[in-house]
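Below is one structure, written out as structure tokens; comments come after it.
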Protein chains: 2
Amino acid sequence: MKNNFRSGCPIASTLDIIGDKWSLLVLRDMLLHHKMTFKEFSSSEEQIAPSILSARLKLLTSYRLITRQKQENNKKENIYLLTEKAIDLSSILIDISMWGDKYLREFNQIDNIDGLKSDRSLIIKTIKERYKSMLQNVAIC
Amino acid sequence: MKNNFRSGCPIASTLDIIGDKWSLLVLRDMLLHHKMTFKEFSSSEEQIAPSILSARLKLLTSYRLITRQKQENNKKENIYLLTEKAIDLSSILIDISMWGDKYLREFNQIDNIDGLKSDRSLIIKTIKERYKSMLQNVAIC
DNA sequence: TTTATTACTATCAATTCGATAGTAATACTT
DNA sequence: AAGTATTACTATCGAATTGATAGTAATAAA
């Protein structure tokens, strides 16, 4: 992992890691849809190319936003899981979702997301809790 | 402006507009540092190339996140100002900043931002108010 | 034991990035 | 009024990245 941060600005530095069109979508799939495998990420509506997905997973792993493990009963599938620091991106993902929901309808037909209607901090709390409780049920080795 | 949104997902759609390494930095300069001109954006620490800056300003204008105007007494300088919908990205920018501040110190030397220490919603409120009050003092024609 | 699936890597054309130079219009200086 | 400087770009072009597709090795399922 080469250190090519553009500056010491925390915003610029964060964008140096997740500031692209795909990283946050992979994190969305993990956090909101509990996806865990290469196959599942590949099957998303947005159709990420395998070479790009592979590169993103490596990058996110190198910055310890995700881990790569295997389940005891399956030596083929890699299981990607979010670390605490990635789970802490929940608020950003939710805000991005809410902003798009509110402001982009004049440019694109935006899906109506049910869970987006209630209170922001409750949504974020629920999402984090759900992800963490899902983690309990994944038997990794 | 070609409609190439990847899906109806509000997160994906938002990233289709501001999901790159530069757009949010320009918005940061406008919102947090009250920068308004091509020259000022060019002079940022991260050194955006003029061709990229020009493209980003056009894109952000086309999605009405910013406006381009001139001041009465200066026919040379273009004054770029944020619209309400871009000002509403404040919370995302602040969260990104706080996340980087908290989690990236092991990978990069992150600047200490004074204003980041107090309460999140107060910070966001203050930033929005400051920007809007600055707008009052810009005499555009 | 054959077939299917998974998680990739390889390839390569197409697009985008980014450094630098150049230009037209306006403003400033003398 | 003339020359210089500044501003906001555009143009260029090599480098880097993206993205579509094909291929492969390991494991799992039939």
Side-chain angles (χ1 to χ4, degrees), chain A residues 1-7 12 15-26 29-30 35-62 66-81 138-141, chain B residues 1-7 12 15-26 29-30 35-62 66-81 138-141:
Chain A
M1 168 186 34
K2 51 200 160 157
N3 177 348
N4 36 17
F5 287 100
R6 287 170 290 179
S7 73
L15 294 175
D16 283 335
I17 296 176
I18 55 165
D20 68 273
K21 292 211 181 300
W22 293 109
S23 296
L24 281 173
L25 285 194
V26 174
D29 284 346
M30 300 178 81
K35 292 188 180 181
M36 297 187 288
T37 63
F38 198 97
K39 174 93 185 309
E40 287 174 310
F41 304 137
S42 299
S43 72
S44 285
E45 206 184 349
E46 293 86 6
Q47 307 235 57
I48 188 170
S51 50
I52 299 184
L53 177 56
S54 177
R56 285 295 167 282
L57 290 171
K58 282 199 176 74
L59 189 82
L60 294 173
T61 304
S62 80
I66 62 179
T67 61
R68 190 178 72 158
Q69 292 164 302
K70 297 211 189 268
Q71 278 180 306
E72 280 170 17
N73 55 350
N74 192 324
K75 287 179 186 160
K76 189 164 58 162
E77 280 188 335
N78 285 319
I79 304 294
Y80 294 94
L81 298 173
V138 181
I140 42 124
C141 56
Chain B
M1 171 185 26
K2 51 203 161 151
N3 177 348
N4 36 18
F5 288 100
R6 287 170 290 181
S7 74
L15 294 177
D16 283 336
I17 297 176
I18 56 164
D20 69 272
K21 294 209 181 300
W22 292 110
S23 297
L24 280 174
L25 286 194
V26 174
D29 284 346
M30 298 178 81
K35 291 187 180 182
M36 296 188 287
T37 62
F38 198 97
K39 173 93 186 308
E40 287 174 311
F41 304 138
S42 299
S43 72
S44 285
E45 204 184 349
E46 292 86 5
Q47 306 235 60
I48 189 169
S51 50
I52 300 185
L53 176 57
S54 178
R56 286 294 167 283
L57 290 171
K58 280 200 177 74
L59 189 82
L60 293 173
T61 305
S62 81
I66 62 179
T67 61
R68 191 178 72 157
Q69 292 164 303
K70 296 209 191 269
Q71 279 181 306
E72 281 171 16
N73 55 349
N74 191 326
K75 286 178 186 161
K76 188 164 58 163
E77 280 188 334
N78 285 319
I79 305 292
Y80 294 94
L81 298 173
V138 181
I140 41 124
C141 55

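A note on names: the letters A, B, ... follow the listed sequences, proteins ahead of strands, and every chain is numbered from 1.
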Does any non-hydrogen side-chain atom of Tyr80(B) lie less than 4.5 Å from one of Lys35(B)? no
Base, sugar-phosphate alone, or nothing: which one does Ser42(B) contact when heavy atoms must sit under 4.0 Å apart? nothing
Quick check: on DNA chain D, is the nucleotide nearest Ile52(A) upstream (toward 5') of the one nearest Glu77(A), or the reverse? Name the residue that is more 5'. Ile52(A)
Are Arg6(A) and dG18(C) close enough that a side-chain N or O sits under 4.0 Å from OP1 or OP2? no
Start at the 5' end of DNA chain C and walk down; is the nucleotide closest to Lys76(A) or to Lys21(B) reached first? Lys76(A)
Using whole Å, report how far CH2 of Trp22(A) lies from P of dT17(D). 18 Å
Separation of atom CD in Glu46(A) from atom P in dG19(D), rounded to whole Å: 12 Å
Any side-chain heavy-atom pair of Asn78(A) and Phe38(A) under 4.5 Å: no
Nearest-nucleotide pick for Lys39(A), side chain only, options being dA20(D), dG18(C), dA7(C): dA7(C)
Check this one for me: any side-chain N or O of Arg56(B) less than 4.0 Å away from OP1 or OP2 of dT16(C)? no
Is there side-chain contact between Glu40(B) and Asp29(B), with at least one heavy-atom pair below 4.5 Å? no
Contact under 4.0 Å: Arg68(B) side-chain N or O vs dC9(D) OP1/OP2: yes
Euclidean distance, atom CD of residue Glu72(A) to atom P of dT27(D) [Å, nearest integer]: 17 Å
Between P on dT27(D) and CD on Gln71(A), what's the gap in Å once rounded to a whole number? 16 Å
Whole-Å gap separating P (dA7(C)) and CE (Met36(A)): 11 Å
If I take atom NZ in residue Lys70(B) and atom P in nucleotide dA25(C), what distance separates them, rounded to the nearest angstrom? 12 Å
Expressed in angstrom and rounded to an integer, what is the separation of Lys75(A) atom NZ from dT27(D) atom P? 7 Å
I want to check one thing: is the phosphate of dT10(D), taken as OP1 and OP2, less than 4.0 Å away from some side-chain N or O of Ser54(B)? yes
Considering every strand and a 4.0 Å limit on heavy-atom distances, what is the contact class for Tyr80(A): base, sugar-phosphate, or nothing? sugar-phosphate
Is Trp22(A) close to Leu53(A) at the side-chain level, that is, under 4.5 Å between some pair of heavy atoms? no
Roughly how many Å is it from NZ in Lys58(B) to C1' in dC17(C), rounded to a whole number? 16 Å
Distance-only donor-acceptor test (3.5 Å): side chain Thr37(A), base dA7(C): no
With a 4.5 Å limit on heavy-atom distance, are the side chains of Arg68(A) and Leu57(A) in contact? no
Considering only heavy side-chain atoms of Asn78(A), the closest of dA7(C), dA20(D), dA21(C) is dA7(C)
